[in-house]
*Asks:* 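Just passing along the structure, written as structure tokens.
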Amino acid sequence: MSWLDDIQYQGRQLGNRALDRHIRLGVTGLSGAGKTAFITSLIHQLTLGDQPTHLPFFSVVQQGRYLGGRLATMQPLALPRFPYEHNLQYLLQQPPQWPPSTTGWSQLNLTLRYKPGSGMRARLQNHSELQLELVDYPGEWLLDLPMLQQDYQQWSEFCWQLFRQPHRQALSKPFAELLQQTDLNDISELQLQHLTEAYSALLQQFCEHAGTYLHQPGRLLVPGELAGAPMLQLFPLLPEQIVTASPLLQRVTAHYQSYCNYVIKPFYKQHFSRLDRQVVLVDCLSALNAGHAAMQELQQALGLIMQSFRYGPTSLLGRLFKPQITKVLFAASKADHVTPEQHKALTLLLQQLLQQPIKHSHYAAAHSEAMALAAIRASTTGFVEQQGQKYPCISGRELGAIAPVTLFPGDVPASLPDAALFQCHPFQFPALAPLALSMQQPLPHVRMDHALEFLLGDKLQ
Ligand SMILES: Nc1nc2c(ncn2[C@@H]2O[C@H](COP(=O)(O)OP(=O)(O)OP(=O)(O)O)[C@@H](O)[C@H]2O)c(=O)[nH]1
Ligand SMILES: [Mg+2]
């Protein structure tokens, strides 16, 4: 695509937005929440899923008005393309595997064709089109957004408050000791690199130690195209080291400002500032498995993220020049890891987890819904009979295992459990490998049709 095509492409996008035939859907979630699986499934459902039995609650399909979706062929060359076909290959191989964790951002546009159901369009046109724009990125980068609200000093204090919490203290001690021995006048390349590597290693350890979510800056974990850039020499000095001026403080403050200006702001502007609708995916079950501190940190992380988005109704001009998110779907992902009668409790738990974050965001003006879903269902459900009693169960293959299992993974608490409950009742929801799939069938799911109806249903009328 040449620069002229690029300009034409931008023009078409603007035209479609003006005609309200363009939606930019933000799929938001921390690392591992299920963004890539969600986008892959959504594309698969929309390009293959015109069978009413597969999407019973998606009204455009149910009413026989859906004419199909196709991947846009015209995409500016500078935009990395979402590796949809590659992700499908992972899911379709024998044995099936999950697509890998995302290491850079990518985009894919879909054109959805449908018969208008009512109104002027139904009388004048035999079909209409809706452009859907989807973006994927590493979850780690999302947590950079709150850094825009802080300066370097505030960020360092915030980090050390976090690192001194009981579940992080032991891991962060060696890095604190290293900083204590650091000469604050030494700003040699060797020293900066040594401290950055030590801090990256600490972040990596936090990640591997299940139950920590707030890892900043995200580019130290997933650098993308910025690997080796000097502004990534970024680490929080100790609170006592930021009260008096020093060459090292001055240098890392400059790196922090560059990181905010040249990495986070453009990332936000390009991917998040123009969202029309949003899905917030939350993996509540893994947080329950990881314990009380994990649940609390997850809540804190969600709170910080929610403050970074603009919510509210928009006018025509607003949609073009200052878009806001008008609809938000809060979704507890991987609901196929529990038995169906637990989905209600999982949704209530998600709502409680988000209660505080929502209070502090401006999201109230948006239309919202909460549900438990599985973008790609990896279990089948049924009942086992014991002494004349029927008990619900799921069957699937645990990640890393060869043989399938049938199990009852346990009850999901309908509200945030207190620390004492975690002590006497550890949660152990399994992680499952994908089911064997066939190319011709839409991916199995739980409530993707509800999600599609909420997110797109009104635009496909
Ligand atoms: N059973 C089940 N597991 C899922 C589902 N979606 C995601 N998973 C699991 O969660 C893992 C992470 O999912 P991804 O879609 O890669 O998560 P992500 O949010 O894109 O993560 P990053 O790319 O690291 O930001 C997968 O490898 C699966 O193990 C689902 O619908 N059902
Ligand atoms: Mg991903």
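Atoms within each ligand, like the ligands themselves, are counted from 1 in listed order. Along the sequence shown, the residues carry numbers beginning at 1.
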*Asks:* Would you call the rings of F267 and W141 parallel, tilted or perpendicular, taking 30° and 60° as the class edges?
*Replies:* perpendicular
*Asks:* Ignoring hydrogens and geometry, is there a side-chain-to-backbone donor-acceptor pair from E297 to Y213 under 3.5 Å?
*Replies:* yes
*Asks:* Around atom 12 (C) of ligand 1, find the nearest protein heavy atom and jot down its residue, atom name and distance.
*Replies:* G32 O, 3.7 Å
*Asks:* Measure up the W160 and F163 rings against each other and bin them: parallel (under 30°), tilted (30 to 60°), perpendicular (over 60°).
*Replies:* perpendicular
*Asks:* Is R277 salt-bridged to D458, cutoff N-O under 4.0 Å?
*Replies:* yes
*Asks:* Using a heavy-atom cut-off of under 4.0 Å, does the side chain or the backbone of S31 touch ligand 1, or both, or neither?
*Replies:* both
*Asks:* Report the relative orientation of the aromatic rings in F206 and H215; use parallel for angles under 30°, tilted for 30 to 60°, perpendicular for over 60°.
*Replies:* parallel
*Asks:* If you measure every N/O of E140 against every N/O of ligand 1, is any gap under 3.5 Å?
*Replies:* no
*Asks:* Among all protein heavy atoms, pick out the one at the shortest distance from atom 6 (N) of ligand 1; state its residue, atom name and that distance to 0.1 Å.
*Replies:* A37 CB, 3.4 Å
*Asks:* Can you tell which part of R377 has a heavy atom less than 4.0 Å from ligand 1: side chain, backbone, both or neither?
*Replies:* neither
*Asks:* Could you label the plane-to-plane angle of the Y84 and H44 rings as parallel, tilted or perpendicular, counting under 30° as parallel and over 60° as perpendicular?
*Replies:* tilted
*Asks:* Using a 4.0 Å cut-off to any heavy atom of L30, which atoms of ligand 1 qualify?
*Replies:* 19 (O)
*Asks:* N/O to N/O below 3.5 Å, does that happen between P99 and ligand 1?
*Replies:* no
*Asks:* Main chain of Y90, side chain of N87: is a donor-acceptor contact present, judged purely on distance under 3.5 Å?
*Replies:* no
*Asks:* One residue to check: T36. Relative to ligand 1, which of side chain, backbone, both or neither has a non-hydrogen atom less than 4.0 Å away?
*Replies:* both
*Asks:* Under 2.8 Å from the Mg ion (ligand 2), protein N/O/S atom count?
*Replies:* 2
*Asks:* Near A374, which atoms of ligand 1 are under 4.0 Å from a heavy atom of that residue?
*Replies:* 31 (O)
*Asks:* Show, in sequence, the C-alpha distance, side-chain angles and deciding distance for E453 and S59, and conclude whether the side-chain hydrogen bond (donor to acceptor under 3.5 Å, both in side chains) test is met.
*Replies:* CA-CA 7 Å; E453 179 63 19; S59 57; 2.9 Å; yes
*Asks:* Just need the protein heavy atom nearest to atom 24 (O) of ligand 1, so name the residue and atom and give the distance.
*Replies:* S101 OG, 2.7 Å
